[in-house]
Amino acid sequence: MTVDPRAALDRLVAALEAHYAAVVSKDDDDDPAVDDAYDVLADAFEVYDDALGTAHGEATPFYLAEEDDDEDDEDLDEDDLDDEDDEGEIEDDDA
């Protein structure tokens, strides 16, 4: 099924508006409405980007980062973060 890029753009704009509304009206840092709006926004972006590519051979300059497990972030300490070089790679102190 081919999605019309204009319809996908309209959906993306609506998802941006809904995400903003959820953020400014959240009750606390763990408000599920923000998480839901985030998921809808991510989906709308992917549909738009795919539709743009299919219809016009173009892409947006954005990408969605892969979700990391929170446990992975907790395993890093400040020393690990200090060892990252400018391109985000961990430098080997033993080299």
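Counting all heavy atoms, side chain and backbone alike, Ala37 lies closest to Ala22 at CB-CB, 3.9 Å. Between Ala44 and Leu12, the shortest heavy-atom distance links the atoms CB-CA, 3.9 Å.
With sequence neighbours excluded, the residues forming a side-chain contact (heavy atoms from CB on, under 4.5 Å) with Val13 are Leu9, listed by chain and number. Taking Ala8 as the reference, Val3, Val47, Tyr48, Ala51 meet the side-chain contact (heavy atoms from CB on, under 4.5 Å) condition, with sequence neighbours excluded.
Glu46 contributes atom CD, which lies 10.5 Å from atom CG of Leu41 (distance to the nearest 0.5 angstrom).
A heavy-atom distance below 4.5 Å is not found between the side chains of Leu16 and Phe45.
Among pairs with a residue in residues 28-38, those fulfilling salt bridge (charged side-chain N to carboxylate O under 4.0 Å, His left out) read Lys26-Asp29, at least two apart in sequence or across chains.
Of the possible donor and acceptor atoms, one in the side chain of Asp49 sits under 3.5 Å from a partner among the backbone N and O of Thr60.
The cluster map of Ile, Leu, Val, Met, Phe, Trp and Tyr, joined by side-chain heavy atoms under 4.5 Å apart, puts Leu64 and Val40 in different clusters.
Under 4.0 Å is where a charged nitrogen must lie from a carboxylate oxygen, and between Asp43 and Arg11 at least one such pair does.
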